[in-house]
Amino acid sequence: MKAPGRYRVAALLILCWLCLLSFSRLAAQTSRGSDIAVVVHPDTPLSNLSLSEVRRFFLGERQYWTAKFPVTLLIRAPTARERHVVLKVIYQMSEAQFNQYWIAKVIRAEAASPPKIVYSNDTANELVTAIPGAIAFMDARDVRPGLKVLRVDGLLPGDPNYPLR
Amino acid sequence: MRRMLFVVCVWALATSTVQGQSAPATEQTPPINALLERIEKLEKRVEELEGRQAPQRVASPADPRLTPPPSGPTPASSAAEQPRKTQGHVEHAQSPRVDTTYPSLQFRGFADMNFSVTDQKGSVSGFNLGQFVLHLASPLSKKVSYFGEISFSARPTGYALEVERSVIRYDYNDYFKLSFGRYHTPINYWNTAFHHGLWLQTTISRPEMIQFGGILLPTHFIGVLAEGNIPSGGLGLGYNAGLGNGRASLISRAGDAGDANNNRAWVLNLFARPPRLYGLQVGGSIYGDKHSPETGPNARELITSGHIVWAKENPEFLAESANVRHREIPTGRVVNSQAYYLQVAYRLPWLEKRWKPYYRFEHIHVPDSDPVFRGPNAVANLVGSTVGLRYDISDFATFKGEYRNIRRRAGDPRVNGLFVQTSFTF
């Protein structure tokens with residue numbers, strides 16, 4: 001092989017190595033944000049919901065699991081990653097729109113109160129355990145044993161194409 | 001070729017330099033984790049302390065700290081209050097929290113301030129205080145809730161107090177909720193979407209066809225209302241069905257103190273919010289009543305209406321129409337009147353998404369032969385356009401500026417007006 005040819009091969013190899021390095025860094029960054037699990041009280045009579053059904057619950061359009069089993073919505077406080085994902089994927093609203101939506105919902109007498117705010121996933125875990133009918137979103141790594149993680153569109157956190165991430 | 005190799009080497013060097021710069025961030029990860037752990041510990045500590053204070057709060061219900069926040073997001077402690085009450089037993093030791101007492105009253109207020117100037121003969125420009133409105137929501141138990149709305153409107157001699165809504169509702173499940181009281185008639189979208197909360201609506205004023213104090217459509221209804229979802233899969237259907245007192249003999253008023261006759265008004269409203277087309281609402285209503293005016297013949301009234309709404313803000317679209325059919329009872333003569341409006345708005349993506357231009361066209365057609373909408377109850381044959389701009393000063397307050405061009409009767413000159421409003425919730 002002639003000298004220019006060797007240089008070309010070497011340059012290509014270095015380029016490939018650099019590309020791989022970039023991709024691996026990108027992949028590592030992506031995996032840091034884990035999936036957001038939809039967590040419910042263990043007695044909740046459902047284990048799989050479509051994304052649009054999850055949306056209906058969190059929009060307050062469905063307020064009962066069964067006649068004797070009201071839904072209690074829990075949502076993380078602003079700045080939490082879980083809230084960001086929920087507003088983006090479920091509500092498709094900004095913070096301002098979210099506030100306005102729930103103010104309107106209550107004054108329309110369509111809901112007695114907006115979702116309850118929780119300030120940590122620990123609190124969310126405790127409340128979902130304690131309140132029959134509670135539903136919350138949390139980082140899948142923070143879900144405590146004993147809680148029920150709902151499938152969304154048949155998928156669990158960690159599955160490919162899981163919608164809440 | 002050497003030049004190419006040189007470039008690649010420089011790139012590799014640069015990349016490694018960047019990597020070197022970003023390294024400290026990775027090194028800082030353990031301290032950040034430690035900080036997060038400390039924050040979590042502190043949060044737990046705060047929760048414990050809040051839990052210890054709980055008995056004191058329960059002991060003094062007059063404590064202002066117990067007042068639940070208005071319908072804005074509620075703190076975690078409120079959420080934790082739920083288990084005790086809903087389960088009917090003392091909460092477990094892990095989260096020793098405040099007990100909730102029923103009723104749990106929440107307030108939300110709305111107010112607005114206006115300035116207007118028009119070229120209509122005899123009109124006076126200037127400021128006026130809009131409505132001061134209080135909304136009340138109070139769960140009375142797990143399944144029973146009260147909702148109220150009170151308005152104070154400025155009048156030349158003082159303030160007019162009005163109980164706009166007063167509703168007690170029992171929820172059986174998502175498909176059946178039964179309520180009694182005074183409502184905004186679920187006869188079209190606007191009337192039940194925005195109520196008296198001017199801050200909620202994009203424009204300064206309601207469309208003419210559904211103005212409060214107007215007479216084309218009955219804005220209030222007193223009686224019983226069933227509502228809920230209809231199992232319909234992907235259609236997302238819902239309904240309202242009501243029976244009650246219709247219009248009073250003074251047509252702009254509802255029969256709060258009793259109906260004007262022995263004929264009850266009824267209303268049926270069906271709507272669809274398909275989950276797959278999130279933001280869309282399509283619906284229609286039908287309303288029937290017998291109208292017994294103070295003077296003039298009795299008439300049967302049948303109102304049919306429809307709406308299509310795209311509730312997202314990029315764009316926002318509202319369109320509603322209504323047909324009011326009056327049949328004069330003595331003669332059997334039938335007259336139909338129509339009204340509609342179209343409104344579009346778009347929240348601009350720049351400048352923190354605070355600006356929202358809008359436009360509305362509206363039209364009302366009432367034949368002169370209508371047996372109800374005449375004399376003191378005459379409804380203008382209106383054609384009008386409104387163009388405006390809404391600026392959200394904060395998440396809970398807004399400035400709106402509007403130009404309106406309206407002709408109220410065929411042959412009348414068009415009236416131009418400039419309107420400015422600040423409206424807010426608190």
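All heavy atoms count here, side chains included; hydrogens, waters and symmetry mates do not. Protein chains get the first letters and strands the later ones, always in sequence-line order, with residue 1 at the start of each.
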### Message
What I want to find out is whether B:R273 reaches A:E110 closely enough, with some N-O distance under 4.0 Å, to be called a salt bridge.
### Response
yes

Side chains of [X] and [Y]: closer than 4.5 Å at any heavy-atom pair?
{"X": "B:N229", "Y": "A:R56", "answer": "yes"}
{"X": "B:R108", "Y": "A:V106", "answer": "no"}
{"X": "A:I103", "Y": "B:W199", "answer": "yes"}
{"X": "A:S113", "Y": "B:Q106", "answer": "yes"}
{"X": "B:K142", "Y": "A:K68", "answer": "no"}

At a heavy-atom separation under 4.5 Å, does [X] approach chain A through its side chain, its backbone, both, or neither?
{"X": "B:Y278", "answer": "side chain"}
{"X": "B:F176", "answer": "neither"}
{"X": "B:S145", "answer": "side chain"}
{"X": "B:T425", "answer": "side chain"}
{"X": "B:D392", "answer": "neither"}
{"X": "B:A193", "answer": "both"}
{"X": "B:Y183", "answer": "neither"}

### Task
Pick one of side chain, backbone, both or neither for A:R62, based on which atoms fall under 4.5 Å of a heavy atom in chain B.
both

### Query
Where on A:L59 is there a heavy atom nearer than 4.5 Å to chain B: the side chain, the backbone, both, or neither?
side chain

### Message
Looking only at the side chains, is there a donor atom on one of A:Q97 and B:K353 sitting less than 3.5 Å from an acceptor on the other?
### Response
no

Under a 4.5 Å heavy-atom cutoff, which of [options] has the most pairs with chain B?
{"options": "A:Y91, A:F69, A:W65", "value": "A:Y91"}
{"options": "A:A104, A:A109, A:S52", "value": "A:A109"}
{"options": "A:A96, A:A77, A:A124, A:A67", "value": "A:A67"}

### Message
On a heavy-atom basis, which atom in B:T192 and which in A:R108 lie closest, and how many Å separate them?
### Response
O-CG, 3.3 Å

